[in-house]
Amino acid sequence: MKKIEFLDEVKDIVTEREGQHGKPAKTHGVIAELWSIYMSEKIGIPVKIDAADVAMMQIQAKVGRFICGQSDHMDTVLDIAGYAACAGEIVSERQ
C-alpha cells in the first residue's frame, strides 16, 4: 500500500469511528476522566490525564502490539495513524 492510499484508509477509518463513537475530544475526555480516577486510586496520588494523553497512550498500546509480533496486521499501523490524527485534532482545538 502506498503512503497516500494508507492515509486515505486512515481517513475512512477515523470518519467511520467518529460516526460510531463521537468526537475524539469528548470521548477521549471521558476516558481521561475515568483513567485519572482509576490511576489516582490505584497509586494513591492525584493523577490528571487529558484527552490528548488518551490518544497518545492508545498509540503506545498499539506500538506494544507491534513489538509483540503483531506487526503484520495493517490494523495496528492504521490505528496508530488514526490515534495520531485524534491527538492532532485535540491539540489543535486547544490553540
Interatomic distance, [X] atom [atom1] to [Y] atom [atom2] [nearest 0.5 angstrom]:
X: Glu16; Y: His21; atom1: CD; atom2: NE2; answer: 8.5 Å
X: Leu78; Y: Leu7; atom1: CG; atom2: CG; answer: 9.5 Å
X: Cys86; Y: Met56; atom1: SG; atom2: CE; answer: 11.5 Å
X: Ile13; Y: Asp79; atom1: CD1; atom2: CG; answer: 6.5 Å

Do [X] and [Y] land in one hydrophobic cluster if side-chain heavy atoms of ILVMFWY residues count as linked below 4.5 Å?
X: Tyr83; Y: Val91; result: no
X: Val10; Y: Met1; result: yes
X: Ile37; Y: Ile45; result: no

Verify side chain to side chain contact (heavy atoms under 4.5 Å, CB included) between Ile31 and Trp35, making sure each step is shown before the conclusion. CA-CA 6 Å; Ile31 294 166; Trp35 286 2; 3.4 Å; yes
Residues Asp75, Arg65: salt bridge by 4.0 Å N-O rule: no
Short side-chain to backbone donor-acceptor contact, [X] and [Y], under 3.5 Å:
X: Asp53; Y: Asp50; value: yes
X: His28; Y: Pro24; value: yes
X: Ser40; Y: Val47; value: yes

What is the minimum heavy-atom distance between [X] and [Y], and which atoms define it?
X: Ala52; Y: Ile90; result: N-CG2, 3.9 Å
X: Ala51; Y: Ala25; result: CB-O, 4.0 Å
X: Ile49; Y: Ala32; result: O-CB, 3.2 Å

Count the heavy atoms belonging to other residues, nucleotides or ligands that lie under 6.0 Å from [atom1] of [X], then report whether that count exceeds 12.
X: Phe6; atom1: CZ; value: yes
X: Gln20; atom1: CD; value: yes
X: Met57; atom1: CE; value: yes
X: Ile4; atom1: CD1; value: no

Chi angles and distances behind the side chain to side chain contact (heavy atoms under 4.5 Å, CB included) call for Glu93, Glu89: CA-CA 6 Å; Glu93 288 175 354; Glu89 180 175 291; 3.5 Å; yes
